[in-house]
Student: 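Here you go, one structure.
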Protein chains: 2
Amino acid sequence: MSEASSLPFFAELAELARSLGHTHRLQLLDLIAQNEHSVERLAELAGLSLANASQHLQHLKRAGFVTTRRDGKRIFYRLSDGPIAPLLAALKAQAEFNHKQLATFIADSRSRPDRLEAIDAEELLRRMREDSVTLLDVRAETEYAVGHVPGAVNIPLPELARRLAELRKDQEVIAYCRGSHCALSAEAVRALSALGYKARHFDSGLPGWQALGLAISSLQSSGSKAGL
Amino acid sequence: MSEASSLPFFAELAELARSLGHTHRLQLLDLIAQNEHSVERLAELAGLSLANASQHLQHLKRAGFVTTRRDGKRIFYRLSDGPIAPLLAALKAQAEFNHKQLATFIADSRSRPDRLEAIDAEELLRRMREDSVTLLDVRAETEYAVGHVPGAVNIPLPELARRLAELRKDQEVIAYCRGSHCALSAEAVRALSALGYKARHFDSGLPGWQALGLAISSLQSSGSKAGL
DNA sequence: CAATCATTCAATAAAGTAATTGAATGAAAT
DNA sequence: ATTTCATTCAATTACTTTATTGAATGATTG
């Protein structure tokens, strides 16, 4: 049922999927879904250059998601009357499913205490120097604000599920928390590992970092309150 | 409603979409949907190298479309219990919508006889030499088999809608048919243009090509009967 | 506990995609 | 006609993704 004969069909679907596979195009599509707009307007709303917006819009047009209409000097893009809404809804549903999966996994792993791979300070420092790891601070925002390892990203454990997108998939993630008595980073690592991320924890946490005489960063005003 | 705050969300959806944006991954997903399989089996069924299949499978896993289970030496991939079916159905629906759109457009344009850009033999030959055009023969398969311009792709006009994927989007398409009295290539050009393809027709068609003393190709046995 | 074997990882090479610039198009207004 | 102006095109550059190879992993089997 899925031999050579259906390969061109898969290729066609893949092309459609790729058309949705770019932040700017999804954003443009979302703007167009709200209202018909000219290229200039869309570029402005999305914060893109004109030429760049134009190219992304043409990409969407070729995929059949939008159509154009000329009125005087400008060209207006609007949604085609194809089944775009269900398609986007299905995408969102999958995203939500993933969030739930991770949330329940974190809850589950709270009970199952198997041991995990740790990273020692020496390797961590080396890897940080060559920028080959993502350092993840899973403590609360307030704790992070007071002091954190320089360069670390802060995603409190309860929010990890819905903020996965902030982690690079191509790098190993090193989670840390308050130290070896604190289970937060271990849970994060278990959850991330189960999702196919490469993850370890820096077991001694922020105290261990400070004990080595290394500098920490802090936030003056609480600046990074990104929306849900 | 669609400001900076939702950008990470779009980025997340885009990543999901990209996970479906590759022929091999869709094919693997289709195989997995039919039955749980080991990596080796999937690689074999899809005609991929082991490492390549493994990487695509991990990509699908990270996107939450599949999960794994270890049994002895091998690892089995099966569908996750997320909403994958509706997602794929929505993609297919969009593909079908595009086919229909094009089909009706071709039907419509049969009546509306506006003139189109043509390409002359000289330019055609030059562009063919530098491989910067896709030459499209829109006549019936049997006619193509008897003789066609060397290098031309054959997609009979009635099949154009569902075989669009065979045309490169990054090159101009030059359609030709039986000659200037024949409307097939003109219709193809109108349809392709409306979809955002860059398209012109070689108005004098195959007779014009032969009149210049240029060689034609033919097929011995009818070899290229690709499935729907 | 050494060997085997399915799978994954790592590194590199190849291909494809995106952003940017400035020029070209083509409809409308003067 | 000529100018204006929104959009697109073309060409370059930078970036990202994919394929390939061979080595590493890690669970079973003898």
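Numbered from 1 within each chain, the chains take letters A, B, ... in sequence-line order.
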Student: Under a 4.0 Å threshold between the charged nitrogen and the carboxylate oxygen, would Glu36(B) count as salt-bridged to Arg69(B)?
Tutor: yes
Student: Want to settle it: does Asp71(A) or His22(A) sit nearer the 5' end of DNA chain C, counting the closest nucleotide to each?
Tutor: His22(A)
Student: Closer than 4.0 Å, any side-chain N/O of Tyr77(B) to the OP1 or OP2 of dA6(C)?
Tutor: no
Student: Is Arg25(B) touching bases, backbone alone, or none of the nucleic acid, heavy atoms closer than 4.0 Å?
Tutor: sugar-phosphate
Student: Starting from C1' on dT16(D), measure out to NE2 on His24(A) and report it in whole angstrom.
Tutor: 15 Å
Student: Please tell me if Arg70(A) has a side-chain N or O lying less than 4.0 Å from either OP1 or OP2 of dA6(D).
Tutor: no
Student: Identify which nucleotide among dT20(C), dT20(D), dT7(C) has an atom closest to any side-chain atom of Asn52(B), counting heavy atoms from C-beta outward.
Tutor: dT20(D)
Student: Assuming nearest nucleotide by heavy-atom distance, tell me which of Gly72(B) and Gln55(A) is located more 5' along DNA chain D.
Tutor: Gln55(A)
Student: When rounded to the nearest 0.5 angstrom, what is the spacing between CG in Asn98(A) and OG in Ser80(B)?
Tutor: 7.0 Å
Student: So does His59(B) get a side-chain nitrogen or oxygen closer than 4.0 Å to the phosphate oxygens (OP1/OP2) of dT17(D)?
Tutor: no
Student: Evaluate the ring planes of His22(A) and His56(A), with Trp represented by its six-membered ring, and classify them as parallel (under 30°), tilted (30 to 60°) or perpendicular (over 60°).
Tutor: tilted
Student: Looking at His56(B), does any N or O in its side chain come under 4.0 Å of the phosphate oxygens OP1/OP2 on dA19(D)?
Tutor: yes
Student: Within less than 4.0 Å of OP1 or OP2 of dA19(C), is there a side-chain N or O belonging to Ser49(A)?
Tutor: no
Student: Mind checking if Gln58(B) touches a base, just sugar-phosphate, or nothing, with heavy atoms under 4.0 Å?
Tutor: sugar-phosphate
Student: Quick one: is dT7(C) close enough that its OP1 or OP2 comes under 4.0 Å of any side-chain N or O from Ser54(B)?
Tutor: no
Student: Taking the nucleotide of DNA chain C with the closest heavy atom to each, which residue, Arg18(A) or Ala51(A), is nearer the 5' end?
Tutor: Arg18(A)
Student: Answer yes or no: does a side-chain N or O of Arg74(B) lie under 4.0 Å from OP1 or OP2 of dC5(C)?
Tutor: no
Student: Inspect the contact between Glu122(B) and Arg127(B) and indicate whether a charged nitrogen and a carboxylate oxygen are less than 4.0 angstrom apart.
Tutor: no
Student: What is the distance from CD of Glu172(A) to C1' of dT8(C), rounded to the nearest Å?
Tutor: 14 Å
Student: Measure from CZ on Phe76(A) to C1' on dA27(C) and round the result to the nearest Å.
Tutor: 14 Å
Student: In plain terms, say whether Glu96(A) and Lys92(A) are close enough for a salt bridge, that is, a side-chain N and a carboxylate O under 4.0 Å apart.
Tutor: no
Student: Whether Lys198(A) contacts dA10(C) is assessed here as follows: a side-chain N or O lying under 4.0 Å from the phosphate OP1 or OP2. Is that the case?
Tutor: yes
Student: Nearest of dT7(C), dA6(D), dT4(C) to any side-chain atom of Lys73(B)?
Tutor: dT4(C)
